Every structure is written in structure tokens, then in C-alpha cells.
2 protein chains.
Amino acid sequence: MHPMVNDGAAEGQGAGAAGPRAAGNEGGGTVGGRGRPRGRPRSFDRETALEKALLAFWEHGYEATSVSDLTRAMDIGAPSLYAAFGDKRSLFEEVVSVYGARYGSFADRALAEEPTARGAVERTLREAATAYTEPGHPRGCLVVHAAANCSTPEVEQSLRDRRNADIAAFESRIRADVAAGVLPPGIDAAALARHTGAMIQGMSQQARDGASREELEAVAEIAMSIWPRTGTHTG
Amino acid sequence: MHPMVNDGAAEGQGAGAAGPRAAGNEGGGTVGGRGRPRGRPRSFDRETALEKALLAFWEHGYEATSVSDLTRAMDIGAPSLYAAFGDKRSLFEEVVSVYGARYGSFADRALAEEPTARGAVERTLREAATAYTEPGHPRGCLVVHAAANCSTPEVEQSLRDRRNADIAAFESRIRADVAAGVLPPGIDAAALARHTGAMIQGMSQQARDGASREELEAVAEIAMSIWPRTGTHTG
DNA sequence: TTATTTTTCTAGCGGTCGCTACAGAAATGA
DNA sequence: TCATTTCTGTAGCGACCGCTAGAAAAATAA
């Protein structure tokens, strides 16, 4: 079915797996040995399989994606999945981690790189319009949707924490601008940050509901008009 | 377990059920007879049971709410559920219909009663802040969340259609104001309507993530500042 | 080669899913 | 009383769920 893919010794190490004997081991018995691990080598590329799992979870969510769906998408057997990634939940956590680094980092980048809070929000909304409608992967944001209606409270809470952390990051960036005099002192930073979060989440839902990139960009542009133009906004 | 609740002949008629011998029948054999239907009477109140199902679906979504969860919440046996409501999907459709009439009608009411599009949107967002955080029922909007990550495409599409229809309703109301000269002619009605939809959906998500009514009202107030103050907004 | 280690495939575990056959219970009509 | 109609509880259907035991396969080490 899927014979031999591994040609070299390059083996990625998982980030989030924590179960017993989970995740790919690297460097078998010898101390600093670069030799192969020891037993039968894996027949699939761990990172490739992880990416396939990511796309499946992104499209259908945590609960609606069965282990059977996953093994089909990753083209491996169930025991291989459990040996390499722990269990379904560990795999999902690792997927979320990879998603955050590969697809969901544009807000962090904007916050770090743009000189003002307003600039960071504007760039974030604009890039969200692009990212959420990009061809080649599911629409919208995995963090917003993948744990909706989830029967496992820890999974639901995990993504909720990420969403609220993003809003908190916007809030502290806005506070910094207020402290620096870039934004007027009367501004409600928490509400402004929450408004930004609501826009992002709403745009993600709109993307899932069929909105085009251009339509989302128009929404983003409208949303940006809430920002004070001459420093007289008082929340 | 649940002996005899029906004391009279008052029996509500379902709206959406369509399966074979589904939904409560009314008026048994005789033409205009007001007598009881004929066989053994139902031991539960259909509307009460439907309301319990509504709350269960609202909280956990279509797929994560099992028939077992439903029969427990409604305090009836599975055969009674199937006899009275058809199947799980028919029950859900009826729940959505009742939800729309009882909890989700504030936008329609605002659109019908407020003299301007802006007034309708403002009232809708304000009432959403209240409705989405009201004690006594789950948070957020059933139409927004209950079919997320749903494996039954028809169910997912059904709620998606409702969401997009709401946006279309806002759009036509905005167009009407543009035509009447209440809003400036350069406005992008579609984008403005989509922005409103994104705000509603984002606020619903925020409510699910723990935002208070006051926090959502602050978000709504900020969102309203996009509207032209003196008729010079050009989209 | 032989022993050891690790991954692979096959098969299937106990549990839940949506749903229903069946028999008994509770009403009406004769 | 007895037949008819409808609902209710029990019990269980086939399918799928997440997950794993066990043996064979494929590598290294001796």
C-alpha cells in the first residue's frame, strides 16, 4: 500500500506529543551516534503525515475527524499513527502547534513588526482576508472552528485559551500605544481589542460561509474606520 | 418514570417534522371531532420536550448531541422521540425553526421596526449583546454554532443559508436607505451588510468564549462608529 | 547467522452511534 | 366485554468510535 518512503536519516521531532513512547525517537542507542535508530524504520514521513492530519482537522474539526479519516488521509495504519503521535488528542495538539507556526502566525508577526497598534490590526485583518480564503487548504481559521461543539472539554478550552490570548495580545499592544501617546488616553483598550477579535472570528466564519477574499477585504476596510483619525476617539 | 402529564386535549402541532407518521396528529377519526385522537395518549408535553431538545442542541451542537442525550434531556424514551419528531435531523430542523421564532428573531424585528438601516443594525447589535449572554440558556447563537464541523452536509448548509439570508436582509435594508437618500450613494451596501454579519457572528463567538454583556455592548458601540455621521462615507 | 529492536499489518476489543422490532399498556369505539 | 388504535419500555440491530494485542516484517548489533 505505501512501501518505503524514508530514504535518509532525516527525521523531524514532534513538538507536542507527550504520551508513553509517543513521538518519533531520534538517536537510538549510542550516545552521539548519527546511525539509524535501531529497529525497523518508519515507512512514512512524519511531517508529511502530520500536514495531512492538519488539513483533515482544519476542514472537519477535532471531533468530526475520526481516526479512520486520519489514517486514510495520512495513508498509514492505525498502529503507526498511535506509535508516532500518541493518541488522537496528542496528534491534534501537535497539529494545532504546527498550524500556529505555519498558518496562524500573521497576527503575531503584525504585532511584532508594525510600528503602531492600528497598523498591526489593519495588517492582521488584511492578511486574514487573504489567509482565510487561500486556495490549497480549508477556509477560515482552525483555532476558531476546529473545537466548536467539542465533547472533550480540554480540547475546547485549549483553543478558547488561544483565542482569548490573541485578544489579550492586541489589548496590551493598544495599551502600549496609549501609554506612548500614539492613541488618545480615553480609549477603551479592552473593548477595542475584543472588537478586533470579533472581527477576525467573524471574518473566519464568513470565509467558511463562502465570502471571497475581496469581500473580506472590504469588510476589513470598513472595520478599520473605527480607529480615531485625529486622536479624538474616546471609546 | 414520567407518568401522565397530558391532562387536556391541548396538543401543539409541530412545524417542521415531515417523516412517515411523524409529528403529533390532531383530530383522530371523526371529521370535526374534538374528542381525543383514539389510542393511548402521549405521556409528555410535546412543546416542553421540544424546548429541552432545543437547549441541548443549542449548547452542544447538532452532532455532539446524541439521541441518548436528547432522550435524557427530554425525559422520554427513544421510540417516543422518533414517533413524535421523526428522526434526529427532523427534530433538529424543528428546533431551529422554534429557535428562530423564540430566540433569533430580534434582527428581523429590528429590521422591520427601526426607521433606518443604521438604527436596525445598532439595535440588533445591542440586543445581540444581551441575548447572547442571557442567563437561563446557552450562550451565543444556535444558528451560528450548532452545525459547525457537522458531518451531515445538509444540516451545515441549512444553517449557512440562514446566516447568509440574514446578511442579505441587512443588505437590502441598507440599499433601501441609499435609494431613499438616508445613506450616501457611494456606500458599499454588500460590504456593510457583511460587516454587520461578521460582527454578529464574532460577538456570538465572544459570548461563547466568556465575554460579558457589558463587554459585548462595548464592542457593539465601537462597531457602530463605522457608520457615516454626516453622509460623507464612501465605502 | 542469530538475537534484539522497532514498525508494520490484521484483526478485533468494549463502547457508543442512530434507529427500530416487539410486546405490553392505556386510551377509544362497538 | 372485546377489538382497535396509539404510545411506552425493553432490548438489541448493524455501523462506527478510539484504541490495542499479537504476529510478521525489516532494520541493526553481535
Side-chain angles (χ1 to χ4, degrees), chain A residues 1-9 11 19-30 33-46 49 62-72 74-92 151-152 155, chain B residues 1-9 11 19-30 33-46 49 62-72 74-92 151-152 155:
Chain A
M1 195 66 100
H2 39 78
M4 282 294 176
V5 174
N6 248 354
D7 52 335
E11 192 76 3
R21 69 198 303 236
N25 48 359
E26 189 176 13
T30 56
R34 274 289 106 192
R36 291 189 176 178
R38 189 73 202 297
R40 174 173 176 173
R42 215 177 255 140
S43 66
F44 61 94
D45 180 59
R46 196 177 186 278
Y62 175 73
E63 208 147 85
T65 306
S66 70
V67 172
S68 177
D69 293 332
L70 289 167
T71 57
R72 196 181 312 114
M74 302 161 86
D75 198 24
I76 62 178
S80 298
L81 186 154
Y82 282 89
F85 299 101
D87 60 0
K88 187 186 174 185
R89 200 168 127 198
S90 303
L91 171 57
F92 181 71
S151 304
T152 313
V155 172
Chain B
M1 196 62 101
H2 39 78
M4 283 294 175
V5 174
N6 249 354
D7 52 335
E11 192 76 2
R21 69 197 302 235
N25 48 0
E26 190 175 12
T30 55
R34 274 290 104 190
R36 291 190 176 178
R38 188 71 202 298
R40 174 174 175 173
R42 214 177 257 140
S43 65
F44 61 95
D45 181 59
R46 196 178 187 278
Y62 175 74
E63 208 146 85
T65 305
S66 70
V67 173
S68 177
D69 293 332
L70 290 168
T71 57
R72 196 182 311 116
M74 301 161 86
D75 197 25
I76 62 178
S80 297
L81 186 153
Y82 282 89
F85 299 102
D87 60 0
K88 186 186 175 185
R89 199 167 130 199
S90 303
L91 172 57
F92 181 72
S151 304
T152 314
V155 172

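Fair warning: this is a prediction, and the values are worked out from it, not measured in the lab. Chain letters run A, B, ... following the sequence lines, proteins first, then strands; residues in each count from 1.
- Residues A:Lys88 and A:Leu91 are not in side-chain contact: their nearest non-hydrogen atoms beyond the backbone lie 4.5 Å or more apart.
- Shown here are the side-chain hydrogen bond (donor to acceptor under 3.5 Å, both in side chains) partners of B:Arg89, two or more places apart in sequence or in another chain: there are none.
- The side chain of A:Ser80 places an N or O atom within less than 4.0 Å of a non-bridging phosphate oxygen (OP1 or OP2) of C:dT8.
- When distances are taken from the side chain of B:Pro41 to each of C:dG29, C:dA26, D:dA26, the shortest belongs to C:dA26.
- Residues satisfying the salt bridge (charged side-chain N to carboxylate O under 4.0 Å, His left out) test with A:Arg40, not counting sequence neighbours, are none.
- The side-chain hydrogen bond (donor to acceptor under 3.5 Å, both in side chains) check on A:Thr152 picks up nothing, with sequence neighbours excluded.
- Going from atom CZ of B:Arg42 over to atom C1' of C:dT28 covers 17 Å, rounded to whole Å.
- When rounded to the nearest whole Å, the span between CG of A:Leu81 and C1' of D:dC17 equals 14 Å.
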List every contact pair, protein side and nucleotides 16-21 of chain C side both N or O, where the distance is under 3.5 Å.
residue, atom, partner, partner atom, Å
C:dC17, OP1, B:Ser66, OG, 3.2
C:dG18, OP1, B:Lys88, NZ, 2.7
C:dG18, OP2, B:Val67, N, 2.7
C:dC19, OP2, B:Tyr82, OH, 2.9
C:dC19, OP2, B:Lys88, N, 3.1
C:dC19, O5', B:Tyr82, OH, 3.3

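- Taking each heavy atom of B:Ser90 and B:Phe85 in turn, the nearest pair found is CB-O, 3.2 Å.
- As rounded to whole Å, 5 Å separates atom C1' of C:dT7 from atom CZ of A:Arg40.
- Each end of the helix from C:dT1-D:dA30 to C:dA30-D:dT1 gets its own rotation axis from five pairs of C1' atoms, and the angle between them is 10° to the nearest 10 degrees.
- Of all non-hydrogen atoms in B:Glu63 and B:Ser151, the two that sit nearest each other are OE1-OG, 2.8 Å.
- Atom-to-atom, CG of B:Asp45 to P of D:dC7 comes out at 15 Å; the value is rounded to the nearest Å.
- Here D:dT28 is the nucleotide among C:dT28, D:dA25, D:dT28 with the atom lying nearest to any side-chain atom of A:Arg38.
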